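Just below is one structure, and these are the notes that go with it.
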Amino acid sequence: MAKALLLSKENIVKGAVKLVNNDGWNSLNARSLAKQLGISTKPLYRIYNNMDEIKIDVLSEIYRQYDEFINSKIDSKKALLTLCIAYVEFANDYKNLFTSLFLSDNLKWKKIEDVFDEKWNQSTIINLVNKHGFTFEEAKELFLHMWLYSNGLATLIATNQIKLDEEKIMIRLVKIYKSLVK
């Protein structure tokens, strides 16, 4: 019972993210989380009302980690290219977290244009306009083509259909970027 006294939302979420990272989003349930934390399921429900509340906090933490990862990789001089490289590298390094964010029912996009509404994507499009002289429509079109290619690579990597190391990821993305900006 001593562990239950140390239990907090932060510890539950940390354990849940670790569980998702190791075993995938679908593994996240009360029993598996309690096992991960070394407790029974009852203490979870003293802190949270239900698993849906836990999943909301877990998803928020995964998004936070994704944002931190992307932020650490972005170079404003090459925002589109570095964003796409970081996106694919996140899929490569954190397959289950990537799948939880982008290849699950957690993704709230309903149409392809919804990708433009994400904060990283908006700032990248604006960067293309301000620093590289594209019109807004040209920037959106370039972004969309580059993102679609990157998302394809990331999806194939995250689902273990292909394996690429970071150097090969970068080479492929630089080639497609160069061909698109011609």
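Please read all numbers here as calculations on a predicted model, not as lab measurements. Computed from heavy atoms alone, side chains included, the values below leave out hydrogens, waters and symmetry copies.
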query = What are the two closest heavy atoms between I70 and A86, and how far apart are they?
reply = CD1-CB, 3.6 Å
request  = Take K73 and I85, measure what side chain to side chain contact (heavy atoms under 4.5 Å, CB included) needs, and give me the verdict at the end.
outcome  = CA-CA 8 Å; K73 305 280 185 166; I85 290 169; over 6 Å; no
ask   = Taking all non-hydrogen atoms of both residues, which atom of V129 and which atom of F136 are closest, and how far apart?
value = CG2-CA, 3.7 Å
remark   = Hits for side chain to side chain donor-acceptor pair (under 3.5 Å) against N151, two or more places apart or cross-chain, chain-then-number order -> Y87
task = Not counting sequence neighbours, which residues clear side chain to side chain donor-acceptor pair (under 3.5 Å) with E68? List them please.
result = R64
Without placing hydrogens or testing angles, list every side-chain donor-acceptor pair under 3.5 Å for residues 162-182, not counting sequence neighbours.
{"unit_1": "D165", "atom_1": "OD1", "unit_2": "E167", "atom_2": "N", "d": "3.2"}
{"unit_1": "D165", "atom_1": "OD1", "unit_2": "K168", "atom_2": "N", "d": "2.8"}
{"unit_1": "S179", "atom_1": "OG", "unit_2": "I176", "atom_2": "O", "d": "2.9"}

key: Partners meeting side chain to side chain contact (heavy atoms under 4.5 Å, CB included) with A79 (sequence neighbours left out)   = T124, N127
Donor-acceptor pairs under 3.5 angstrom involving side-chain atoms of residues 32-39: please list them, not counting sequence neighbours.
{"unit_1": "S32", "atom_1": "OG", "unit_2": "S27", "atom_2": "O", "d": "2.4"}
{"unit_1": "S32", "atom_1": "OG", "unit_2": "N29", "atom_2": "N", "d": "3.2"}
{"unit_1": "S32", "atom_1": "OG", "unit_2": "N29", "atom_2": "O", "d": "3.2"}
{"unit_1": "S32", "atom_1": "OG", "unit_2": "N29", "atom_2": "OD1", "d": "3.2"}

inquiry  = Strictly by side chain to side chain donor-acceptor pair (under 3.5 Å), give each pair with a member in residues 133-148 just once, sequence neighbours left out.
reply    = T135-E138, E141-H145
ask   = Side chains of Y48 and V13: closer than 4.5 Å at any heavy-atom pair?
value = yes
task = Enumerate the residue pairs fulfilling side chain to side chain donor-acceptor pair (under 3.5 Å) with a member in residues 10-25, sequence neighbours excluded, ordered by first and then second residue.
result = S8-N11
request  = Name all residues meeting the ring-ring contact (aromatic ring centres under 6.0 Å, His included) criterion together with W120; count only those two or more places apart in sequence or in a different chain, and write none if there are none.
outcome  = none
note = Shortest non-hydrogen pair, C84 vs M146, comes out as SG-CG, 3.4 Å
inquiry  = The criterion is ring-ring contact (aromatic ring centres under 6.0 Å, His included); which residues satisfy it with F90, sequence neighbours excluded?
reply    = Y66, F69, Y94
message = Quick check: do K77 and T82 have side-chain heavy atoms less than 4.5 Å from each other?
response = no
ask   = Which residues satisfy the salt bridge (Lys or Arg N to Asp or Glu O under 4.0 Å) test with K111, sequence neighbours excluded?
value = D114
message = Is there a side-chain contact between F134 and I125 in this structure, where contact means two heavy atoms from C-beta onward sitting under 4.5 Å apart?
response = no
ask   = Looking at D93, L103, V88, which hits side-chain contact (heavy atoms from CB on, under 4.5 Å) with F98?
value = L103
ask   = Among all residues two or more places apart in sequence or in another chain, which pass the ring-ring contact (aromatic ring centres under 6.0 Å, His included) test with Y149?
value = none
key: F143 and L83: CA distance, side-chain angles, deciding distance, side chain to side chain contact (heavy atoms under 4.5 Å, CB included) verdict   = CA-CA 10 Å; F143 174 86; L83 172 69; 3.8 Å; yes
message = Holding to salt bridge (Lys or Arg N to Asp or Glu O under 4.0 Å), I want the full list of residues that pass it with K131, two or more places apart in sequence or in another chain.
response = none
query = Got more than 12 heavy atoms from elsewhere within 6.0 Å of NZ, K78?
reply = no
